[in-house]
Asks: 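Supplied in C-alpha cells, the structure appears directly below.
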Amino acid sequence: MDGGGSQETGEAEGGEEDKNDVPEEEEATDTAEQMLSQEQADGTDISCDPRHGVIEEFTDVKHESEFSLETNFMEEESGDCNADRRDSSSSQGLSADPFKQHMDKELEEKEIEKMSALPKTSSQSQWPRLGQLIFSSTLEKHKTLKADKEVDVKQLHLHKPLESTWPKVNKQFLSAVDKPLDSSFTPLQRELFCIMNSYQDLFYPERNALTNGEEIRHTYCLHALNHVLKANAQVLSNNAKRRDQKPGTDTDDHRDQGLTRPKVLMIVPFRECALRIVHIIISLLEVNDKKKIDVSNKKRFKGEFGSDPDEKPPNLKRPEDYEAIFAGNIDDHFRIGVAILQKSMRLYAPFYSSDIIIASPLGIRTVIGAEGEKKRDFDFLSSIEILIIDQADIYLMQNWEHVLHLMKHINLLPLDSHGVDFSRVRMLSLNNWSKYYRQTLLFSALQDPQINSVFNKHCFNYVGQVAVRNVPLTGSISHVVVQLPHVFRRLEADSVSSVIDARFQFFIDKVLPEYRDAIMSHTLIYVPSYFDYVRLRNYFKKEDLNFTHICEYTKKAAVCRARRFFLKGEKQFLLFTERFHFYKRYTIKGIRNLIFYELPTYSHFYSEICNMLKATDNGVDATWTCTALYSKYDAQKLAAVVGIDRTAQMLQSKKNVHLFVTGEND
C-alpha cells in the first residue's frame, strides 16, 4: 500500500460516521503552512490548482543561470570567502572543520577492500540522554565519541549565517532548565548533533511525533543546510580562484564536487513534512526580519504542499499520536528539488540543479522507475553525501519496497555526464567510492528487523556507524486498562524465512480449533502482514467459516457491514489488518476474544486493541480472552509489549506464558 490511500470508512452503530472518502487530515496547531502563509512574497507559476493534482510536473527553469554553481562566484562581503580561504590555508587541508575532514580524506584501495571484506568491530557507550549507543566501524582507527556536556555554537564550525540564526529558530524547544547549560540545543539535540557533525551514520529508533519529532527535524535540517552551504561556498570560492589564475596552471587543487549536484536527499512520508523542512531552512537562512531571503516559487509551494482548512473532515476523536502523525497535507506522492545559493533559495529546481531533494519513497520510486522502463532516471542520486530517512516506521505501513529500491540505486556511477566538468570532480566520485563517504541518518519510532537491515547492509560510511539500542523495561502491556488474561503461545521455526509458514500451520492446527465452537464468538484476529491476511482469508473461505474481514483496501460500505455483523454476532470471526488500524484507528465494538496472529509492529497497538474490549458490554466479562503468537525471532516486538525481563524468560522457556493484567498496571 502506498500511503493512507484506503477508502474512508464509518458506521452508525459500533463506530463513527465519516463523511469523506479521504484519509483524515486532523487539525494541527501551528502547522508549517500557517507559518509560511506570512511569507506570500511572489505569486509566480500557479498555473494549476494543486489540490486537484498537478497535470504536468512543474520545474523552475526560469532561474537556472541565477542558481548555477558553475557561473557564480563568492560574494566578498559575505565573509564566507575569507572563511574558505582560512580553512584551505590552515595546515594544508588538515582543517578542524568536520566537513573538510570528512570530504577531503583520501581513502586508499586497501582500505576500501578492507571495508568490503571484513566485518565491523563494535563498542558500547552510555550517553546521558541517548542512552545505550553501539559504535561500529571496519577501519582500525576507531574512536568512540564522547557526549559533549556543553556546546559552544562557535566551536561547531557552523557556516554563516547559521551561528546566529540557529539559536533563534530553535528557542521554541528550550526550557528554562536547558538555558543555563547551553543557549541553543536541547540535551537530545546536543547529543544527536554531536554524532551528525562527526559524519558517522546514525540510527535513532526513538523518534516520537508527539514529543521529540520536531526537535529532531530541526537538528537534521541544521546539519544538512550546514553541509550544503559549506560545499557550495567551496565551489564558488574555487570558481573565483580559477577565474583569477594564469592560463596553463594546474587546476587539480579545485576538486570540490560530485558527478552530479544534489548532495542531500531527505526522505519523509507526507507533504506536510516537506513543508516544515522548507520552512525551517528558510528560517535558518534569514538573519533577521530586514534580511529576508529571496525564495522563488514560494506561493506555488504553499499551494501544493499546504492543506486547505475547509477540506478537513469532521473532527473525530483519535489518539494524540495519530493527530500528530497525520497533521496537515498527508499526500504521500511528491518530490521537490531545492537549490540554495548565498542569499537566495529556489524551490522546484530541476534535480540536476538542486542541492537538496525532498521526497517521499513513492515520489522517488516513480522517478527511479523499474528495469525495462523507457523513462527512468537515477543519475541524480550518484553523489548524495547525506541521506536522511525520517519516520522510517511509517514506510513499513506504506511500501517498504520503495525504500529498498532507493537504497539499491543510490551512489551508482551515472549513465550520462550531465555536463559535469571532470576537472572539478572529487577523486572519490571518479573512483565510484561515493557510498563510502555518504552519511545516512535514520530516524524511526521503533526497532524493526527491516529497518535494521537497511542500516546494517546498505550503509558503508568509512567513519563508522552509531546506533541507539535501548531496551524497553516495562512494555505496552502495562497500559492495558481492562482485566484480561493474556496467553503468549510460542511457535517453533528453524529460520526467519520459515516463520511465515510455521505460524500459519501453528495457527490452523493448534489455535483455530479452540475457537471454532460457537461459544467463542466475537473473535477478532489482528494480522500485521497483508500477505498473511490474504492467506487466512482464503483459508477461512475454503473451510466455510463464519467470518468477515477488514483491510486497508476494503471499501467504506463493506467496512460498515463487517463492523455491524461482528458487533451483532452474526459473524463469528473478524480478520483485521494492522494497516487499517494505523490509517483509521477506529474502535471495533463487540470483541470478546482477541488473537494477535503476530505481535504488532507498533507496541502501543497491543494495548490499544486490548482496550477496545472496554467498549463491549460495559464491564468485565469473565470469558474475555487474549492470545498472542510469537517465535524466537520476535524478540524486539515481544520486549516492546511485555518488557525485557519477561522477554528473556519467555525466550528461554518453551512453554506458553499466561499473564493477567489487573487494569492499572501489570
Side-chain angles (χ1 to χ4, degrees), residues 98-99 101-103 105 107 111-112 114-116 118-125 127 130-147 188-207 216-217 219-224 226-228 231 258 263-268 356 381 383-393 395 403-404 406-412 428 433-470:
F99 166 79
Q101 283 185 343
H102 183 65
M103 299 308 296
K105 159 99 174 162
L107 291 172
E111 290 177 303
I112 297 293
K114 197 172 181 181
M115 282 190 282
S116 304
L118 294 178
K120 293 171 183 166
T121 56
S122 60
S123 61
Q124 296 184 13
S125 182
W127 282 23
L130 290 177
Q132 178 86 4
L133 301 186
I134 307 292
F135 293 83
S136 56
S137 170
T138 310
L139 299 183
E140 284 168 17
K141 294 172 186 173
H142 179 55
K143 56 177 185 180
T144 301
L145 274 178
K146 289 187 178 171
L188 174 65
Q189 288 176 324
R190 188 184 305 119
E191 294 184 14
L192 287 175
F193 191 77
C194 178
I195 296 167
M196 291 180 196
N197 208 27
S198 73
Y199 278 87
Q200 293 182 83
D201 291 341
L202 169 65
F203 176 33
Y204 181 71
E206 295 174 22
R207 185 198 193 280
I216 291 167
R217 199 192 317 272
T219 312
Y220 70 64
C221 283
L222 171 69
H223 177 59
N226 191 35
H227 181 88
V228 166
K263 305 163 190 64
V264 176
L265 175 62
M266 295 181 173
I267 300 295
V268 290
I356 299 172
L381 298 170
S383 299
I384 294 294
E385 293 158 3
I386 297 178
L387 168 64
I388 298 166
I389 301 178
D390 196 8
Q391 295 177 270
D393 51 287
Y395 313 136
V403 177
L404 297 178
L406 162 65
M407 300 311 290
K408 287 171 190 165
H409 289 85
I410 196 168
N411 295 128
L412 301 178
L428 68 94
W433 292 351
S434 293
K435 70 178 182 180
Y436 298 109
Y437 287 78
R438 184 190 80 235
Q439 180 186 35
T440 304
L441 306 176
L442 189 53
F443 303 98
S444 167
L446 49 89
Q447 305 250 19
D448 183 88
Q450 293 178 93
I451 300 174
N452 290 340
S453 176
V454 161
F455 192 66
N456 295 329
K457 294 180 182 174
H458 293 277
C459 300
F460 310 96
N461 192 341
Y462 78 84
V463 193
Q465 297 180 305
V466 185
V468 176
R469 300 285 187 204
N470 295 313

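Values in this document were obtained by computation on a predicted structure and should not be read as measured data.
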Asks: With a 4.5 Å cut-off on side-chain heavy atoms, are Glu385 and Ser434 touching?
Replies: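 Side chain of Ser434 against side chain of Glu385, heavy atoms only: no contact under 4.5 Å found.
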Asks: Give me the atom names and distance for the closest heavy-atom approach of Ala224 to Val264.
Replies: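 In this case the closest contact between Ala224 and Val264 is CB-CG1, 3.9 Å.
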Asks: Assess the residue pair Asp201 and Leu442 against the criterion (side chain to side chain contact (heavy atoms under 4.5 Å, CB included)); give the C-alpha distance rounded to whole Å, side-chain angles, the decisive distance to 0.1 Å, and a yes or no.
Replies: CA-CA 8 Å; Asp201 291 341; Leu442 189 53; over 6 Å; no
Asks: Holding to ring pair (Phe, Tyr, Trp, His ring centres under 6.0 Å), I want the full list of residues that pass it with Tyr199, two or more places apart in sequence or in another chain.
Replies: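 For Tyr199 the ring pair (Phe, Tyr, Trp, His ring centres under 6.0 Å) partners, ignoring immediate neighbours, are His102, His223, His227.
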Asks: May I ask you to test the Ile388-Val268 pair for a side-chain heavy-atom distance under 4.5 Å?
Replies: no
Asks: Minimum heavy-atom separation for Ser137 to Gly464, with atom names?
Replies: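 For Ser137 and Gly464, the tightest heavy-atom pair comes out as CB-CA, 4.1 Å.
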Asks: Would you confirm whether Tyr462, through its side chain, and Thr138, through its main-chain N or O, come within 3.5 Å as a donor-acceptor pair?
Replies: no
Asks: Calculate, to the nearest 0.5 Å, the distance between atoms CG and CZ belonging to Leu188 and Arg190 respectively.
Replies: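 With rounding to 0.5 Å, CG (Leu188) is 10.0 Å from CZ (Arg190).
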Asks: Rounded at 0.5 Å granularity, tell me how far CD1 in Ile356 sits from CE in Met266.
Replies: 5.0 Å
Asks: Quick one, Arg207 with Arg217, criterion side chain to side chain contact (heavy atoms under 4.5 Å, CB included). Give me CA distance, side-chain angles, the key distance, then yes/no.
Replies: CA-CA 10 Å; Arg207 185 198 193 280; Arg217 199 192 317 272; 3.7 Å; yes
Asks: Nearest 0.5 angstrom please: Leu192 CG to Trp127 CH2, how far?
Replies: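 Leu192 atom CG to Trp127 atom CH2 measures 9.0 Å (nearest 0.5 Å).
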Asks: Does the side chain of Ile267 reach to within under 4.5 Å of the side chain of Tyr395, using non-hydrogen atoms?
Replies: yes
Asks: Considering all heavy atoms of both residues, which atom of Trp433 and which atom of Tyr437 are nearest to each other, and what is their separation?
Replies: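 So the two residues come closest at O-CD1, 3.4 Å.
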Asks: Is the shortest heavy-atom distance from the side chain of Leu428 to the side chain of Leu107 under 4.5 Å?
Replies: no
Asks: Checking the side chain of Gln465 only, and the main-chain atoms of Phe455 only, is there a donor and an acceptor separated by less than 3.5 Å?
Replies: yes
Asks: What is the minimum heavy-atom distance between Arg438 and Ile384, and which atoms define it?
Replies: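 For Arg438 versus Ile384, the nearest heavy atoms are CG-O, 3.6 Å.
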Asks: Can you measure from CD (Glu206) to CZ (Phe443) and round to the nearest 0.5 angstrom?
Replies: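 Answer rounded to 0.5 Å: 12.5 Å.
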Asks: Would you compute the distance between atom CZ of Phe460 and atom NZ of Lys120 and round it to the nearest 0.5 angstrom?
Replies: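 Rounded to the nearest 0.5 Å, the CZ-NZ separation comes out at 8.0 Å.
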Asks: Does the side chain of Tyr436 come within less than 4.5 Å of Glu111's, by heavy atoms?
Replies: no
Asks: Is there a side-chain contact between Ile386 and Tyr220 (heavy atoms, below 4.5 Å)?
Replies: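 Heavy-atom side-chain distance check fails, nothing below 4.5 Å.
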Asks: Among pairs that include at least one residue of residues 449-458, which meet side chain to side chain donor-acceptor pair (under 3.5 Å), considering only residues two or more places apart or in two chains?
Replies: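 Listed by first then second residue: Asn452-Arg469.
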Asks: Just how far is it from atom CG of Leu265 to atom CG of Leu381, taken to the nearest 0.5 Å?
Replies: 6.5 Å
Asks: Which residues pass the side chain to side chain donor-acceptor pair (under 3.5 Å) test with Gln391, sequence neighbours left out?
Replies: none
Asks: Check step by step if side chain to side chain contact (heavy atoms under 4.5 Å, CB included) holds for Leu133 and Glu191.
Replies: CA-CA 11 Å; Leu133 301 186; Glu191 294 184 14; 6.0 Å; no
Asks: Taking the side chain as every heavy atom from C-beta outward, state whether Leu130 and Ile195 have any atom pair closer than 4.5 Å.
Replies: yes
Asks: Can you check whether Ile410 reaches Lys435 side chain to side chain, under 4.5 Å on heavy atoms?
Replies: no
Asks: From the options Ile389, Ile451, Ile134, select the one residue that forms a side chain to side chain contact (heavy atoms under 4.5 Å, CB included) with Phe203.
Replies: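 Testing Phe203 for a side chain to side chain contact (heavy atoms under 4.5 Å, CB included) against Ile389, Ile451, Ile134 leaves exactly one candidate, Ile451.
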Asks: Testing the basics here: between Val468 and Gln447, what is the closest heavy-atom pair and its distance to 0.1 Å?
Replies: O-NE2, 3.6 Å
Asks: Given Cys459 and Gln439, is the side chain to side chain contact (heavy atoms under 4.5 Å, CB included) satisfied, shown in steps?
Replies: CA-CA 8 Å; Cys459 300; Gln439 180 186 35; over 6 Å; no
